[in-house]
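Below: one structure, written as C-alpha cells.
Proteins get letters first, then strands, A, B, ... in listed order; numbering begins at 1 in each.
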There are 2 protein chains.
Amino acid sequence: MPVHTLSPAATPSRPRGRPRKTVATLDDGNRRRQLVTGAARLFRHQGFDATSTRDIAAAVGMQSGSPFYHFKSKGALLFAVMQEGMGGAIERQAKAIAAYQSLQKGELPEQYSYGLLAVLIKNHFDILLGPGSDFIPVMLYEWRSINERQRAAIAQLQAEYEAVWIPVLQALFDAGLLKADVKLARLLIFGALNWSAQWFDRRKEASIDDLTAAAMALFIQERP
Amino acid sequence: MPVHTLSPAATPSRPRGRPRKTVATLDDGNRRRQLVTGAARLFRHQGFDATSTRDIAAAVGMQSGSPFYHFKSKGALLFAVMQEGMGGAIERQAKAIAAYQSLQKGELPEQYSYGLLAVLIKNHFDILLGPGSDFIPVMLYEWRSINERQRAAIAQLQAEYEAVWIPVLQALFDAGLLKADVKLARLLIFGALNWSAQWFDRRKEASIDDLTAAAMALFIQERP
DNA sequence: CCTACCGATCGGTAGG
DNA sequence: CCTACCGATCGGTAGG
C-alpha cells in the first residue's frame, strides 16, 4: 500500500457526461505534473520561501491564481514534490537492486555486499545529481517548510528507502570491511552523499562514477 | 589582516565630547552582538526567509525598525552571522591545532597525522553541534540568501578553514591510511560531518566523542 | 483555468 | 533607538 502514489490521484468527483469547455480538465494529470516539476526546479534553485506561487504559475504558463485549482496551498505543492521524489527514489532503488541481483553468480557474501553497496551509492548519486534531480534535493533542504503530519509521511518513505542499506552495512561490518558503528556509519555516509548536492557540478571534472569510486574507497578500504 | 574581525568594527564617526542622551550608543557593541546572536538562532531554526526583521527585533527587545540602526539590511545581518561564525571557527581550529601540537612527543608521522585529523574532526563537530552552534549551520544552509560579493568573502574564509585539512589528508593518503582521491575525500568527509547538523540531537545517545570515533573509524580503518 | 481582488506581512525609511 | 508609516509582494479566494 504505497503512500507515495506517483499517479495524479484518483480524481474524486469528475463531471459525468461529455466534458464541455473543460479542455483544461482533460489533461489535468499533465498540468499537475508540470506544476510539480516546475515547482521542484524553482524550489531547488531559489528555496521554498523565495519562490512565489506566481513564479510557479509563470513557469508552466498559468495565471497567478491557477495553481490553486490543482493544489490547495503552496505547502501542498511542496509536499507533492517531496512525496513524488521519494516515491521515485524508492522505485529506482528497487530496480537497481533487482538488476544487480540478476547479474550475480555465486559470489562470496562479502563480495555480494560490497557490490550491492556500490550499486546503492551509485544509484543515490544518480537520483541526487543526475538529470531531473530536483525532487530529492528539495526534500533534503526544505524539511523545515512542511508541517508535522507531512514530515511524518516523508520520514516513513525515507525509512523505507534506508531500510535496504542497513543489512548491507551490517554484513560489511560483520565481515570486518566496515569498522565504524553501523548506525552512525549510515548517518555519516548519507551525509557524505547528500552533501554532494551542494558542490557537485555536472560540467566539472569528476563524474558520478568517480564519486562512487571515491566514496567506496573512503568507506570500505579493503576490497573483498 | 583578518577579514573576519569579531570586534564591533572601529566605529567610523562618533560624536566627540561627552555622550548626551545616547545611552544606547554606549553599549552599541553589545546590542549589535545581541542582534547577531539572536538572528543566528532564528535563522537556524526557521530559515532566513521565514524570519522577519520584526522577529529578530523582538528577540532582543527592540522595536521593529531598530535593527536597521545597526545593520543596513536584513541581508547584512545574515552576512554578519556567517562572517563572524567563520571567523570564530578559524580561531577555534587554530587553537585546537596548537594545543595538539604542544602535546606531541616524537611520534611517527602517520600517528601525528592520524591524531591531527581526529582533532580537526572533533573540533568541527564542536563548532557545528556544541553550545552556541548556530552560526555555522546558518552559513551552511543559507548560502543561497547572500549575494555574490558576500559569497566570495565567505568562500575565502572557508578556504582558509579547509586549507589545514588538505596536507593532513594528503599525508594519510601517502601513508596508505586513506584510499580515496584526496580532493573528493575531503568533500565527502565535510559532507558527512556537516550533515550531522541535520540529525544530531544533544540529548540523545551518541556524544560528540562517539561521533568523532565513528567518523575516524569510517574514513581511516587502519590505526597507525 | 482566468480575472479581479483582498488582507496580511514584510523590509525598510523619515524624523525625532 | 522609537514612532509612524509606505510601497511592494504574497498566498489565497470568489465567481465565472
Side-chain angles (χ1 to χ4, degrees), chain A residues 8 11-15 19-36 38-39 42-43 46-81 142 144-147 150, chain B residues 8 11-15 19-36 38-39 42-43 46-81 142 144-147 150:
Chain A
T11 2
S13 70
R14 242 300 198 29
R20 257 180 281 171
K21 278 185 175 177
T22 52
V23 187
T25 312
L26 288 178
D27 52 328
D28 197 26
N30 278 323
R31 296 304 264 160
R32 192 196 139 98
R33 169 59 44 93
Q34 286 173 35
L35 277 171
V36 173
L42 290 166
F43 290 161
Q46 313 177 357
F48 175 73
D49 287 314
T51 301
S52 70
T53 55
R54 283 163 173 82
D55 289 340
I56 298 166
V60 301
M62 283 179 180
Q63 295 303 317
S64 70
S66 302
F68 296 96
Y69 171 76
H70 297 275
F71 293 90
K72 72 172 208 294
S73 70
K74 188 187 174 190
L77 229 179
L78 175 61
F79 181 58
V81 169
E142 298 294 346
R144 267 188 311 228
S145 302
I146 56 176
N147 66 40
Q150 294 171 327
Chain B
T11 4
S13 70
R14 244 292 199 39
R20 259 179 281 171
K21 277 185 175 177
T22 52
V23 187
T25 313
L26 287 178
D27 53 329
D28 198 26
N30 278 323
R31 296 304 264 160
R32 192 195 138 97
R33 169 59 45 94
Q34 286 172 36
L35 277 171
V36 174
L42 291 166
F43 290 161
Q46 313 177 357
F48 176 72
D49 287 314
T51 301
S52 69
T53 55
R54 283 163 174 82
D55 289 340
I56 299 167
V60 302
M62 283 178 179
Q63 295 303 316
S64 70
S66 302
F68 296 96
Y69 172 74
H70 297 276
F71 293 89
K72 72 172 209 295
S73 70
K74 189 188 174 189
L77 230 179
L78 175 61
F79 181 58
V81 169
E142 298 294 347
R144 268 187 310 227
S145 302
I146 55 175
N147 65 40
Q150 294 171 327

* Do the non-hydrogen side-chain atoms of Met62(B) and Leu35(B) ever get within less than 4.5 Å of each other? ->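 Yes, at least one pair of side-chain atoms sits under 4.5 Å.
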* Compare all side-chain heavy atoms of Phe48(B) with those of Arg144(B) and state whether any distance is below 4.5 angstrom. =>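 They are not in contact (no side-chain heavy atoms under 4.5 Å apart), so the answer is no.
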Taking [atom1] from [X] and [atom2] from [N], how many angstroms apart are they, rounded to a whole number?
| X | N | atom1 | atom2 | result |
| --- | --- | --- | --- | --- |
| Asp55(B) | dC10(C) | CG | P | 7 Å |
| Leu77(B) | dC10(C) | CG | P | 16 Å |
| Phe43(A) | dG11(D) | CZ | P | 9 Å |
| Tyr69(B) | dG16(C) | OH | C1' | 13 Å |
| His70(B) | dT13(C) | NE2 | C1' | 16 Å |
| Arg54(A) | dA4(C) | CZ | P | 14 Å |
| Gln46(A) | dC10(D) | CD | C1' | 14 Å |
| Phe71(B) | dT13(C) | CZ | C1' | 18 Å |

* Asked: With nearest nucleotides of DNA chain D determined for Leu35(B) and Ser64(B) from heavy-atom distances, which residue corresponds to the more 5′ nucleotide?
  ->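 Its nucleotide being nearer the 5' end, the pick is Leu35(B).
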* Could you let me know what dA8(C) is paired to, Watson-Crick or G-U wobble, both distances under 3.5 Å, or none if it's on its own? => dT9(D)
* Can you tell me the pairing partner of dG15(C) across any strand shown, Watson-Crick or G-U wobble, with both distances under 3.5 angstrom? =>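 Its partner is dC2(D) (Watson-Crick or G-U wobble, both distances under 3.5 Å).
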* Is there a side-chain polar atom (N or O) of Gln63(A) under 4.0 Å from OP1 or OP2 of dC1(C)? -> no
Taking the side chain of [X] as heavy atoms from C-beta outward, which of [options] is closest to it?
| X | options | result |
| --- | --- | --- |
| Met62(B) | dG12(C), dC2(D), dC10(C) | dC2(D) |
| Lys74(B) | dC1(D), dG11(C), dG11(D) | dG11(C) |
| Phe68(A) | dT3(D), dG12(C), dG11(D) | dG11(D) |
| Ser52(B) | dG12(D), dG11(D), dG11(C) | dG11(C) |
| Ser73(A) | dG12(C), dG12(D), dC1(C) | dG12(D) |

* To do: May I have the step-by-step check of side-chain contact (heavy atoms from CB on, under 4.5 Å) for Ile56(A) and Phe43(A), ending in yes or no?
  => CA-CA 9 Å; Ile56(A) 298 166; Phe43(A) 290 161; 3.8 Å; yes
* Should Glu142(B) and Asp49(B) be marked as a side-chain contact (heavy atoms from CB on, under 4.5 Å) after you check the CA-CA gap, both sets of side-chain angles, and the distance that decides it? -> CA-CA 9 Å; Glu142(B) 298 294 347; Asp49(B) 287 314; 5.5 Å; no
* Asked: With a 4.0 Å cut-off on heavy atoms, is Ser66(A) in touch with a base, just the backbone sugar-phosphate, or nothing at all?
  -> base
* Kindly determine whether Arg31(B) and His70(B) satisfy side-chain contact (heavy atoms from CB on, under 4.5 Å), including the steps that lead there. => CA-CA 8 Å; Arg31(B) 296 304 264 160; His70(B) 297 276; 3.7 Å; yes
